[in-house]
There are 2 protein chains.
Amino acid sequence: MVTTVFGAEAGERRIDPYSAGCPTRRILDRIGDRWTVLIVGALGADTARFSELKRRVEGISQKMLTQTLRGMERDGLVLRTVHPEVPVRVEYTLTDAGLSLRAPLKALEDWSIEHLGSVLDHQASYDVRAAPEAR
Amino acid sequence: MVTTVFGAEAGERRIDPYSAGCPTRRILDRIGDRWTVLIVGALGADTARFSELKRRVEGISQKMLTQTLRGMERDGLVLRTVHPEVPVRVEYTLTDAGLSLRAPLKALEDWSIEHLGSVLDHQASYDVRAAPEAR
DNA sequence: CCGGATCCCACGTGATACTG
DNA sequence: CAGTATCACGTGGGATCCGG
């Protein structure tokens with residue numbers, strides 16, 4: 001059974017993030033790690049080498065890049081090709097599944113851009129209201 | 001300046017997750033914590049009390065529910081109403097901004113449902129390939 | 001050049017107990 | 001009922017060194 005979280009109105013519906021069958025849980029596992037999302041964006045329709053990817057996703061450590069790429073390869077989001085040359089060359093490309101992830105991710109980015117100002121405003125006024133006694 | 005990550009083809013574009021102005025970073029901050037997404041789904045178009053919410057989002061601790069709700073309130077995603085009655089009653093409702101988040105989140109859920117099988121298949125075959133020497 | 005292996009710290013999170 | 005406060009813990013993730 002597949003649990004739908006956003007499909008309908010709320011009501012008495014239960015959400016179990018610990019249910020293995022719940023796809024929402026799977027989204028979070030992939031999206032929640034920060035780097036997967038950025039790598040999908042950095043790769044786009046391109047093919048890129050490890051070091052190029054590391055340069056594009058600024059701030060990522062080698063460990064996290066490797067680790068995240070492995071996870072994505074395991075999930076079939078990314079294709080890893082090793083060219084057995086003198087200095088080894090490894091290239092990464094989004095699979096069809098990976099490419100299809102870009103659309104929903106873009107929807108999220110659009111939302112973020114659209115609401116960024118409003119969110120910042122709320123934060124500012126909230127902080128003022130909530131911290132008058134902050135010595 | 002606003003950095004667009006998913007808008008166009010990759011190329012030499014830089015992604016800086018540490019740039020305060022990058023909206024992608026803001027999405028991740030909100031989405032990446034697991035609970036915000038689930039609370040948006042659990043609330044939907046409803047109004048719910050604290051304890052009701054805690055029941056709906058199975059597995060969340062009181063601390064995390066409070067903490068996440070505070071963050072969402074701060075960002076203007078949720079409206080918190082305190083009714084000063086005998087046993088205090090506090091109600092939560094998604095704001096317009098919060099409600100509008102449901103669409104992109106649903107897109108993500110749809111993607112997840114659509115690709116769940118494929119992902120599981122890849123994982124299975126990957127695990128077989130990668131761990132033959134697992135004593 | 002690509003990444004495996006290790007060490008280690010920080011912080012997110014849960015459990016528990018207390019208050020208005 | 002709806003939190004706040006405290007403590008204890010696991011692990012995500014950075015730094016570094018090593019290997020193919």
Side-chain angles (χ1 to χ4, degrees), chain A residues 15-18 25 28-39 42-43 47-74 78-93 126 129-131 133-134, chain B residues 15-18 25 28-39 42-43 47-74 78-93 126 129-135:
Chain A
I15 297 174
D16 183 5
Y18 295 114
R25 184 68 196 289
L28 299 177
D29 286 347
R30 281 277 125 244
I31 305 306
D33 64 20
R34 275 178 162 55
W35 300 120
T36 298
V37 176
L38 292 173
I39 291 178
L43 219 34
T47 289
R49 306 184 53 169
F50 184 84
S51 45
E52 168 62 18
L53 225 36
K54 186 167 189 315
R55 245 171 292 121
R56 285 194 197 166
V57 184
E58 201 163 324
I60 195 171
S61 67
Q62 191 181 44
K63 175 181 175 178
M64 280 302 100
L65 182 54
T66 300
Q67 186 172 307
T68 308
L69 246 15
R70 284 288 182 283
M72 293 173 71
E73 191 195 357
R74 191 175 104 98
V78 104
L79 184 65
R80 180 172 179 267
T81 314
V82 183
H83 301 268
E85 304 170 355
V86 187
V88 191
R89 183 164 53 100
V90 183
E91 291 184 329
Y92 296 91
T93 315
Y126 181 95
R129 280 198 311 277
E133 68 279 359
Chain B
I15 296 174
D16 183 4
Y18 295 112
R25 186 67 198 290
L28 298 178
D29 286 347
R30 279 281 123 242
I31 304 307
D33 65 15
R34 274 182 159 54
W35 300 120
T36 298
V37 176
L38 292 173
I39 290 177
L43 219 34
T47 289
R49 309 182 53 169
F50 184 86
S51 47
E52 169 62 18
L53 226 36
K54 187 167 190 317
R55 244 172 292 121
R56 285 193 197 166
V57 185
E58 201 164 323
I60 195 173
S61 67
Q62 191 182 43
K63 175 181 177 178
M64 279 303 100
L65 182 54
T66 300
Q67 187 172 308
T68 308
L69 247 13
R70 283 290 184 283
M72 294 173 71
E73 190 195 358
R74 191 175 103 98
V78 103
L79 185 65
R80 178 172 179 266
T81 314
V82 182
H83 300 269
E85 305 172 351
V86 188
V88 190
R89 182 164 53 101
V90 183
E91 290 184 330
Y92 295 90
T93 315
Y126 181 96
R129 280 198 312 277
E133 68 281 2
R135 178 200 357 75

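No hydrogens, no waters, no symmetry mates; every other heavy atom, side chains included, goes into these values. First the proteins, then the strands, lettered A, B, ... as listed; each starts at 1.
As a whole-Å value, the separation of A:Leu65 CG from C:dC1 C1' is 13 Å. Rounding to whole angstrom units, CD1 of residue A:Ile60 and P of D:dG12 are separated by 15 Å. For the pair A:Asp33 CG and D:dG14 C1', the computed distance is 16 Å after rounding to whole Å. The separation between A:Gln62 atom CD and C:dG4 atom P is 9 Å, rounded to whole Å. The nearest whole Å value for the distance from the NE2 atom in A:His83 to the P atom in C:dG3 is 12 Å. To the nearest angstrom, C1' of C:dC2 lies 15 Å from CD of A:Glu52. Put simply, NZ on A:Lys54 is 12 Å from P on C:dG3, counting in whole angstrom units. C:dA5 atom C1' lies 14 Å from atom CZ of A:Arg70, rounded to whole Å.
Note on A:Ser51: a side-chain N or O is less than 4.0 Å away from OP1 or OP2 of C:dC2. Between A:Arg80 and C:dG3, a side-chain N or O to OP1/OP2 separation shorter than 4.0 Å is present. Residue B:Arg34 places none of its side-chain N or O atoms closer than 4.0 Å to OP1 or OP2 of C:dT13. Look at A:Arg49 and you'll find a side-chain N or O under 4.0 angstrom from OP1 or OP2 of C:dC2. A sub-4.0 Å separation between OP1 or OP2 of D:dC1 and a side-chain N or O of B:Tyr92 is absent.
Residues satisfying the side chain to side chain contact (heavy atoms under 4.5 Å, CB included) test with B:Glu91, not counting sequence neighbours, are B:Thr47, B:Arg49, B:His83, B:Arg89. By the side chain to side chain contact (heavy atoms under 4.5 Å, CB included) test, B:Val86 pairs with no residue at all, sequence neighbours left out.
Toward the 5′ end of DNA chain C lies the nearest nucleotide of A:Pro87, the other residue of the pair A:Thr66 and A:Pro87 mapping further downstream.
Of all nucleotides listed (D:dG14, C:dC2, C:dG14), D:dG14 comes nearest to the side chain of A:Trp35. The nucleotide whose nearest atom lies closest to any side-chain atom of A:Val90 is, among D:dA2, C:dG14, C:dC2, C:dC2.
Contact between B:Leu65 and B:Phe50 at its shortest, heavy atoms only, is CD2-O, 3.6 Å. A:Ala48 and A:Glu52 make their closest contact through CB-CG, 4.0 Å (heavy atoms, listed as atom of the first residue, atom of the second, distance). Nearest heavy atoms, B:Thr36 versus B:Asp33: OG1-OD2, 2.9 Å. Considering every non-hydrogen atom in both B:Val78 and B:Tyr92, the closest pair reads CG1-CD2, 4.2 Å.
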Considering only nitrogen or oxygen atoms on both sides, find all protein atoms under 3.5 Å from nucleotides 6-12 of chain C and state each distance.
none

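From one end of the helix from C:dC1-D:dG20 to C:dG20-D:dC1 to the other, with five pairs defining each end axis, the axis direction shifts by 40° (rounded to 10°).
Distance check: B:Arg56 CZ to B:Leu38 CG gives 13.0 Å after rounding to the nearest 0.5 Å. Distance check, rounded to the nearest 0.5 Å: CG of B:Leu43 to CG of B:Leu69 gives 8.0 Å.
Within the structure, salt bridge (Lys or Arg N to Asp or Glu O under 4.0 Å) contacts touching residues 64-73 of chain A (residues at least two apart or in different chains) do not occur.
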